[in-house]
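What follows is a short report on a single structure.
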Amino acid sequence: MDFEQLYKMQRELDEKIEKKHGLEEERLIERKVLALLVEIGELANETRCFKFWSVKPPSDREVILEEYVDGLHFLLSIGHELYIEKLPEMKARKIDKSLTDLFLNVYQKTAKFSEYLSVQAYIDLFNDYVTLGSALGFSEEDIISAYMAKNEVNHARQNQGY
């Protein structure tokens with residue numbers, strides 16, 4: 001998947017937020033990593049993949065997709081904190097694990113990234129996140145379209161004093 005267009009859009013949103021809140025000189029990576037972890041948890045909660053004690057079905061596909069792109073916003077934003085100029089193409093890996101295992105992989109890769117803050121750990125995390133999206137049944141077109149819609153909402157929120 002080619003996330004270059006979304007990466008540029010995220011940079012614009014990040015710059016807008018940082019300027020509005022006077023954060024241009026602050027290190028935000030730890031807060032962005034925590035925000036990503038929260039979004040991953042919200043995504044897992046909507047899929048209900050781990051809720052063996054419940055018969056309630058997962059949320060609607062659109063709700064799950066919106067949660068997925070919320071995490072994608074922070075993942076792209078973290079790339080800016082690393083000063084990555086151009087993202088490599090991300091590829092979903094072969095899916096031979098349960099959704100629960102895939103979520104655990106993403107959490108583990110996020111923790112590893114947080115420890116090392118390396119570009120390679122970031123790419124590994126991003127690839128696992130793309131794999132999770134694929135396992136959730138989202139196409140590249142689904143993700144790009146949902147990201148663009150949510151990015152527009154995020155800009156509007158900033159304009160409205162969110």
Side-chain angles (χ1 to χ4, degrees), residues 1-17 32-52 54-82 84-114 118-158 162:
M1 289 186 167
D2 182 6
F3 289 97
E4 201 60 37
Q5 178 184 10
L6 305 186
Y7 195 58
K8 290 175 185 172
M9 292 172 68
Q10 187 62 45
R11 182 179 307 279
E12 291 172 14
L13 180 61
D14 287 349
E15 289 172 356
K16 181 177 194 172
I17 291 169
K32 290 179 181 183
V33 169
L34 179 56
L36 174 61
L37 287 167
V38 169
E39 293 300 339
I40 295 165
E42 290 177 4
L43 174 61
N45 198 49
E46 294 299 339
T47 70
R48 303 182 60 78
C49 66
F50 63 96
K51 295 188 175 188
F52 58 88
S54 177
V55 295
K56 185 178 173 185
S59 295
D60 291 337
R61 183 177 191 278
E62 290 305 311
V63 171
I64 294 171
L65 179 56
E66 184 173 342
E67 290 297 341
Y68 180 82
V69 299
D70 284 348
L72 183 58
H73 272 84
F74 286 106
L75 196 52
L76 292 167
S77 187
I78 288 167
H80 297 143
E81 292 290 320
L82 294 176
I84 296 172
E85 293 297 320
K86 182 170 176 32
L87 288 175
E89 185 173 343
M90 303 294 173
K91 294 182 182 178
R93 296 184 173 112
K94 182 181 175 208
I95 302 167
D96 58 353
K97 297 182 178 187
S98 70
L99 272 180
T100 299
D101 287 337
L102 291 172
F103 273 105
L104 289 172
N105 280 350
V106 170
Y107 270 117
Q108 289 164 353
K109 292 286 175 71
T110 305
K112 183 177 179 181
F113 168 75
S114 181
S118 73
V119 172
Q120 187 58 55
Y122 173 76
I123 292 169
D124 291 344
L125 165 59
F126 207 131
N127 276 314
D128 274 12
Y129 199 74
V130 168
T131 300
L132 176 61
S134 179
L136 291 168
F138 303 138
S139 69
E140 183 173 355
E141 295 78 26
D142 293 334
I143 294 168
I144 290 170
S145 177
Y147 177 90
M148 289 180 168
K150 188 61 183 265
N151 189 269
E152 192 174 305
V153 167
N154 288 340
H155 275 284
R157 285 177 172 170
Q158 289 302 310
Y162 180 76

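Bear in mind the structure is a predicted one, so any value in this text is a computation, not a measurement.
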**OP:** Using salt bridge (charged side-chain N to carboxylate O under 4.0 Å, His left out) as the criterion, list what pairs up with E46, not counting sequence neighbours.
**Re:** none
**OP:** Output all residues satisfying salt bridge (charged side-chain N to carboxylate O under 4.0 Å, His left out) with E81, sequence neighbours left out; order by chain, then residue number.
**Re:**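 Only K32 meet the salt bridge (charged side-chain N to carboxylate O under 4.0 Å, His left out) criterion with E81.
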Can you tell me how far [atom2] of [Y] sits from [atom1] of [X], rounded to the nearest 0.5 angstrom?
X	Y	atom1	atom2	value
L125	Q108	CG	CD	11.5 Å
N154	K16	CG	NZ	10.0 Å
R157	L13	CZ	CG	11.0 Å
F113	D124	CZ	CG	11.0 Å
N151	Q5	CG	CD	10.0 Å
N105	N127	CG	CG	12.0 Å

Original post:
With a 4.5 Å heavy-atom cut-off, do L136 and L65 have their side chains touching?
Top reply: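 Not in contact.
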**OP:** Please tell me if the side chains of L43 and E39 come closer than 4.5 Å, counting only heavy atoms from C-beta onward.
**Re:** no
Who pairs with [X] by side chain to side chain contact (heavy atoms under 4.5 Å, CB included), at least two apart in sequence or on another chain?
X	value
S145	none
K56	R48, S54
E15	R11

Subject >> Contacts of Q158 that satisfy side-chain hydrogen bond (donor to acceptor under 3.5 Å, both in side chains) - sequence neighbours left out >> reply: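 Checked Q158 against side-chain hydrogen bond (donor to acceptor under 3.5 Å, both in side chains); matches are H21.
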**OP:** List for me each residue that meets side-chain hydrogen bond (donor to acceptor under 3.5 Å, both in side chains) alongside K97, sequence neighbours excluded, and say none if there are none.
**Re:**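 Not a single residue meets the side-chain hydrogen bond (donor to acceptor under 3.5 Å, both in side chains) criterion with K97.
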**OP:** Would you check, one step at a time, whether the test side-chain contact (heavy atoms from CB on, under 4.5 Å) holds for Q120 with I123?
**Re:** CA-CA 5 Å; Q120 187 58 55; I123 292 169; 4.3 Å; yes
Original post:
What do you reckon, is CD of E152 surrounded by more than 12 foreign heavy atoms closer than 6.0 Å?
Top reply: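 No, not enclosed.
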Original post:
Within the distance-only criterion (no hydrogens, no angle test), does the side chain of T110 pair as donor or acceptor with the backbone N or O of V106 below 3.5 angstrom?
Top reply: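 Between the backbone of V106 and the side chain of T110 there is a qualifying donor-acceptor contact (under 3.5 Å).
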Original post:
Centroid-to-centroid, Y107 to F103, below 6.0 Å?
Top reply: no
Original post:
L132 and L99: side-chain contact (heavy atoms from CB on, under 4.5 Å), yes or no, with the steps?
Top reply: CA-CA 7 Å; L132 176 61; L99 272 180; 4.0 Å; yes
Minimal non-hydrogen separation, [X] against [Y], with atom names:
X	Y	result
L82	S118	CD1-O, 4.2 Å
I64	S59	CD1-O, 3.4 Å
A44	F50	O-CE2, 3.5 Å

[X]: which residues meet the ring-ring contact (aromatic ring centres under 6.0 Å, His included) condition with it, sequence neighbours left out?
X	result
Y147	H73
Y68	Y129, F138
Y7	H80

**OP:** Tell me, with the steps shown, if L37 and F74 meet side-chain contact (heavy atoms from CB on, under 4.5 Å).
**Re:** CA-CA 9 Å; L37 287 167; F74 286 106; over 6 Å; no
Could you give the side-chain donor-acceptor pairs of residues 85-96 under 3.5 Å, partners two or more places apart or in another chain?
| from | atom 1 | to | atom 2 | distance (Å) |
| --- | --- | --- | --- | --- |
| R93 | NH1 | D128 | OD1 | 2.2 |

Original post:
salt bridge (Lys or Arg N to Asp or Glu O under 4.0 Å): which pairs involve residues 61-77, sequence neighbours left out?
Top reply: R61-D142, E66-K150, D70-K150
